[in-house]
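Since the structure comes first, as structure tokens, the remarks are kept for the end.
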Amino acid sequence: MLKLGILGSGKGSNFQAILDAIDRGDLKATVAMVFSDVENSGILKIARDRGIPAEYVKPGSFRFRMSPESEKYMGEKLKSAGADIVVLAGFMRILKGDFLSFFSRRIINIHPSLLPKFCGLEAWKQALEAKESVTGCTVHFVDAGVDTGEILAQAEVPVLPDDTAESLHARIQEQEHRLLPEVIVKYFVAP
Ligand code: GRF
């Protein structure tokens, strides 16, 4: 059975969607470990409530990336926990170096825009400010850039005339919750 390593920084709704897909039997996988760079994040609570090993990892002194020591620590732990792939479910830091090469083409990320448009933070706000009529979300392989890896799948979300940043992000998240488990099944679960 496919073993997932999960990294996240936020409330963990995409992680919850993965657990729901597992519970429904749509995703034949188990979660080996969850790591977060945010000590009191929702994603760690969801994991712990379910008895899944979950750890806070100090990000180090960089603002937007994990320290090399923390990357090494997570990589080794995920290896020994037998993780086949790593899913970034709202993980807000850049990964580099050994972590990427060890899990080469086995790390995926969910991003709230139709990449290559609107990389980086608060991509739904960027779409709103650019007066796009359609935005969405993307699942892609992770490389050393910011939201630049090979695209695996996308879902479109219309931008409505009265959308606020919050309403648009909420509708994008509905699509994220459907798309992310689907991509894991399609690309990583043997038929
Ligand atoms: C999502 O919008 C995802 O696209 C972005 O971070 C957010 C995470 O949300 N990378 P959650 O923690 O899964 O609820």
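When a ligand or atom number is given, it counts from 1 through the structure's own listing order. From a predicted model like this one, the values you see are computed outputs, not experimental measurements.
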Return the protein residues near ligand 1 (heavy atom under 4.0 Å from any of its atoms), ordered by chain and residue number. G10, K11, G12, S13, N14, G90, I110, H111, P112, H169, Q173, E176

Show me the pairs that pass ring pair (Phe, Tyr, Trp, His ring centres under 6.0 Å) and involve residues 153-186, at least two apart or across chains. W124-H169

What pairs of residues pass the ring pair (Phe, Tyr, Trp, His ring centres under 6.0 Å) test when at least one of them lies in residues 4-35, not counting sequence neighbours? none

With distance as the sole criterion, is a donor-acceptor pair present between the side chains of Q126 and E129 under 3.5 Å? no

Between E76 and K72, is there a salt bridge with N-O shorter than 4.0 Å? yes

Could R24 and D20 be called an ion pair, given the rule that one side-chain N must be under 4.0 Å from one carboxylate O? no

Under 3.5 Å, sequence neighbours excluded: what are the donor-acceptor pairs made by side chains of residues 87-94?
from : atom 1 : to  : atom 2 : distance (Å)
R93  : NE     : D37 : OD2    : 2.8
R93  : NH1    : F62 : O      : 3.0
R93  : NH1    : R63 : O      : 3.2
R93  : NH1    : R65 : O      : 3.1

